[in-house]
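Inspection log for the structure reproduced underneath, given as structure tokens.
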Amino acid sequence: MKVDFKKAFSKKKIAAVLVVLLAVVVMVLSNPDIKNFFTDVESVKLSFETGVDYDTVTYGKDMLLVNNEGIYAMDKSGREAWSVISAATSPAVQVKGDYILLCDMNGKSVKTFRKEKTVAQIQTENEILCAKVNNNGYVAVATDELGYKGLVTLYDKDGDEVFKWHSGTGYIGDIDISSKNKIAVSQIVTNKEAVQSRIVIIDPKSKDEPKCIAELDGIVMKLSYRDGQKLVAVSGKGMYCFKDSGKSYFSVNFEGRTPLSCNIENENNMVVAFDGGLNNTILESYSAGGKLRGSYNSAHEIKAYDVSGECILAVSIDGVVRLNPKGNVKKEMKLSKDVQEIRIFSGRDRFLSLGGSSAEIIKF
């Protein structure tokens, strides 16, 4: 039977079809369930040993998964890029530029890598409290020390010791190392009335004594150098930033709220998580100058979150939400499996979802 296309697609029929299509589009955009169906996430299921804790971090375009057996590097398609066997009882990983630092917390081993190539191997005499690497490959390690409150040692990129400093007045909380190889140390000082943190800057090239630039109330949870100059410190009381000279750049008072965690690696999108008081979580984003950019008040407790550039991902029992620094929800997706940790790939179009018995790379 011959079909006359001119008659079949008359103006009235075309108009009717367009009306139906418009109605479908409106229905998709207005109904979250239908929208999620049509924009369902693309995922790649991964095979991992269950019941094992993994420390994860992005490294270039790849994702590093670290457990007590070593480092596994995975691309965004879920394929193995490379791997390193390195046994550790309590491994911790950090990435700075091309360098990967792998240390055995409470052990005595520190290693640095550039991809799968071992750059340096460091063996300490006492247990490691914390360790950091900079983009030059220099490593600062804080350890216990008999007769002192702690010891900080600086190693060059080959793992050779170049400097030592004994902490005689306070226990070491956290450390970091700048691109100029300066070391920042938070010392925890206790007295009868309160707990304070003293921030000390050490310049291994200088003959001058280490300089105390601030005494802060509470325990400093995190120290992080940024742009090679400024130092950010987060305590239970607030967030502070200091110039290279030691002068204050900004301070944020948490006004009695106790932070649950923080992610301050993104200079203009530093995120702090607070208990919302109603079995929920509040995420706040701060600019490089310490200004509040926005906040997100979740309906339920946020179990995990990650930050990459202007992108914030947060997981609760409702699923995953993608936020901008203003706290606006840009996308929502439901996940059928329990998620314990998420990590955003560098392209910001995929993230790794880790659960107790499953792992997936999800495209959003």
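A quick note: this is a predicted structure, and the numbers were derived from the prediction, not measured.
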Exercise. Check the surroundings of atom NZ in Lys303: do more than 12 heavy atoms from other residues, nucleotides or ligands lie under 6.0 Å from it?
Key: yes
Quiz item: Do the charged groups of Glu341 and Arg343 touch, with an N to O distance under 4.0 Å?
Solution: yes
Practice problem: Taking the side chain as every heavy atom from C-beta outward, state whether Cys311 and Ile344 have any pair of such atoms under 4.5 Å apart. | Solution: yes
Quiz item: Tell me, do Leu352 and Thr56 make a side-chain contact under 4.5 Å, heavy atoms counted?
Solution: yes
Quiz item: Is Val339 close to Leu354 at the side-chain level, that is, under 4.5 Å between some pair of heavy atoms?
Solution: no
Self-check item: Residues, nucleotides or ligands: over 12 heavy atoms within 6.0 Å of Tyr148 OH
Solution: no
Quiz item: Taking the side chain from Gln94 and the backbone from Val133, do they hold a donor-acceptor pair closer than 3.5 Å?
Solution: yes
Self-check item: Heavy-atom closest contact (Ile183 atom, Tyr225 atom, distance)
Solution: C-OH, 4.3 Å
Quiz prompt | Side-chain (Asp104) to main-chain (Lys108) donor-acceptor, under 3.5 angstrom | solution = no
Exercise. May I ask you to say whether Glu310 pairs ionically with Arg322, meaning some side-chain N is under 4.0 Å from a carboxylate O?
Key: no
Quiz prompt | Within 6.0 angstrom of Lys115 NZ, more than 12 heavy atoms from elsewhere | solution = no
Practice problem: Answer yes or no for Lys230 and Tyr249: cation-pi contact, defined as NZ/CZ to six-membered ring centre under 6.0 Å and angle to ring axis within 45°. | Solution: yes
Quiz item: Does Val139 share a hydrophobic cluster with Leu102, counting links as ILVMFWY side-chain heavy atoms below 4.5 Å and allowing steps through other members?
Solution: no
Quiz item: Which atoms form the tightest heavy-atom contact between Ala314 and Tyr305, and what is the distance?
Solution: CA-CB, 4.0 Å
Quiz item: Side chains of Phe345 and Met63: closer than 4.5 Å at any heavy-atom pair?
Solution: yes
Quiz item: Do any N or O atoms from the side chain of Thr118 and from the backbone of Ala120 form a donor-acceptor pair under 3.5 angstrom?
Solution: no
Quiz item: Quick one: are the ring centres of Phe364 and Phe351 less than 6.0 Å apart?
Solution: yes
Exercise. Work out which heavy atom in Asn324 is nearest to a heavy atom in Lys330; give both atom names and the distance.
Key: ND2-CD, 3.8 Å
Quiz item: Looking at Pro91 and Val66, what are the two nearest heavy atoms and their distance?
Solution: CB-CG1, 3.9 Å
Quiz item: Any side-chain heavy-atom pair from Ile264 and Val234 closer than 4.5 angstrom?
Solution: yes
Exercise. Quick one: do Val84 and Lys117 satisfy side chain to side chain contact (heavy atoms under 4.5 Å, CB included)? Show the steps, please.
Key: CA-CA 8 Å; Val84 171; Lys117 181 183 178 182; over 6 Å; no
Quiz item: Is a side-chain N or O of Thr281 found less than 3.5 angstrom from the main chain of Ile302, in a donor-acceptor match?
Solution: yes
Quiz item: Looking only at atom types and distance, does a side-chain atom of Asn135 sit under 3.5 Å from a main-chain N or O of Lys96, one as donor and one as acceptor?
Solution: no
Self-check item: Heavy-atom neighbours of Lys237 NZ exceed 12 at 6.0 Å
Solution: no
Quiz prompt | Flag, side chain of Asn266 to backbone of Met270, donor-acceptor distance under 3.5 Å | solution = no
Quiz item: So does Lys222 pair up with Asp176, basic N to acidic O under 4.0 Å?
Solution: no
Quiz item: Are Leu101 and Val93 in one and the same hydrophobic cluster, where Ile, Leu, Val, Met, Phe, Trp and Tyr link if side-chain heavy atoms are under 4.5 Å apart?
Solution: no
Quiz item: Distance-only, no hydrogens or angles: does the Asp98 side chain make a donor-acceptor pair with backbone N or O of Arg114 under 3.5 Å?
Solution: no
Quiz item: Would you find more than 12 non-hydrogen atoms of other residues, nucleotides or ligands less than 6.0 Å from Glu125 atom CD?
Solution: no
Exercise. Locate the shortest heavy-atom distance separating Arg198 from Thr169; write the atom from each residue and the value.
Key: NH1-OG1, 3.2 Å
Exercise. Answer yes or no: is there a side-chain heavy-atom contact under 4.5 Å between Asn181 and Val162?
Key: no
Practice problem: Could you grab the distance from atom OG of Ser261 to atom CE of Met221, nearest 0.5 Å is fine? | Solution: 6.5 Å
Quiz item: Phe163 and Ile177: same hydrophobic cluster, using ILVMFWY side-chain contacts below 4.5 Å?
Solution: yes
Quiz prompt | Contact summary for Ala92 and Asp55, nearest pair of heavy atoms | solution = CA-OD2, 3.7 Å
Quiz item: Backbone N or O of Leu278 within a donor-acceptor pair of the Asn280 side chain at under 3.5 Å?
Solution: yes
Exercise. Could you grab the distance from atom CD1 of Ile219 to atom OG of Ser235, nearest 0.5 Å is fine?
Key: 9.5 Å
Practice problem: Would you indicate whether Asp160, at its atom CG, is surrounded by more than 12 heavy atoms from other residues, nucleotides or ligands within a distance under 6.0 Å? | Solution: yes
Quiz item: Mind checking whether Leu260 and Phe274 have side chains closer than 4.5 Å, heavy atoms only?
Solution: no
Quiz item: Given side chains that start at C-beta, do those of Glu284 and Arg257 come closer than 4.5 Å, heavy atoms only?
Solution: yes
Exercise. Indicate whether the side chain of Lys157 and that of Thr112 have a donor and an acceptor atom separated by less than 3.5 Å.
Key: no
Quiz item: Looking just at side-chain N and O atoms, do Gln187 and Ser167 make a donor-acceptor pair shorter than 3.5 Å?
Solution: yes
Quiz prompt | Common cluster, Ile175/Leu129, ILVMFWY with side-chain heavy-atom separation under 4.5 Å | solution = yes
Exercise. Would you check if the distance from the ring center of Tyr72 to the ring center of Tyr54 is below 6.0 Å?
Key: no
Exercise. List the steps and the verdict of side chain to side chain contact (heavy atoms under 4.5 Å, CB included) for Asn126 and Leu146.
Key: CA-CA 9 Å; Asn126 296 301; Leu146 195 63; 5.8 Å; no
Exercise. Calculate, to the nearest 0.5 Å, the distance between atoms OG and OH belonging to Ser285 and Tyr296 respectively.
Key: 14.5 Å
Exercise. Report the C-alpha distance between Leu154 and Trp165 in whole Å, list the side-chain angles of each, state the deciding distance to 0.1 Å, and finish with yes or no for side chain to side chain contact (heavy atoms under 4.5 Å, CB included).
Key: CA-CA 9 Å; Leu154 179 67; Trp165 178 77; over 6 Å; no
Self-check item: Side-chain (Asn136) to main-chain (Ser179) donor-acceptor, under 3.5 angstrom
Solution: yes
Self-check item: Charged N-O contact under 4.0 Å between Glu145 and Lys164
Solution: no
Practice problem: Please check if any side-chain donor atom of Ser90 sits under 3.5 Å from a side-chain acceptor atom of Asn106, or the reverse. | Solution: no
Quiz item: Mind checking whether Ile342 and Ile362 sit in one hydrophobic cluster, side chains of I, L, V, M, F, W, Y counted as touching below 4.5 Å?
Solution: yes
Self-check item: Expected output: side-chain Ser77 to main-chain Arg79 donor-acceptor under 3.5 Å
Solution: no
Quiz item: Tyr286 ring centre to Arg293 NZ or CZ under 6.0 Å, with the angle to the axis within 45°?
Solution: no
Quiz item: Taking atom OH of Tyr171 as the centre, does the number of heavy atoms from other residues, nucleotides or ligands within less than 6.0 Å exceed 12?
Solution: no
Quiz item: From Arg348 CZ over to Thr58 OG1, what is the distance, rounded to the nearest 0.5 angstrom?
Solution: 9.5 Å
Exercise. Look up atom CG in Leu151 and atom CD1 in Ile172, then write down how far apart they are to the nearest 0.5 Å.
Key: 7.0 Å
Quiz item: More than 12 heavy atoms of other residues, nucleotides or ligands under 6.0 Å from CD of Gln123: is that the case?
Solution: yes
Quiz item: When you check the side-chain N and O atoms of Glu80 and Ser83, is any donor under 3.5 Å from an acceptor?
Solution: yes
Quiz item: Are Lys76 and Asp62 within salt-bridge range, i.e. N to O under 4.0 Å?
Solution: no
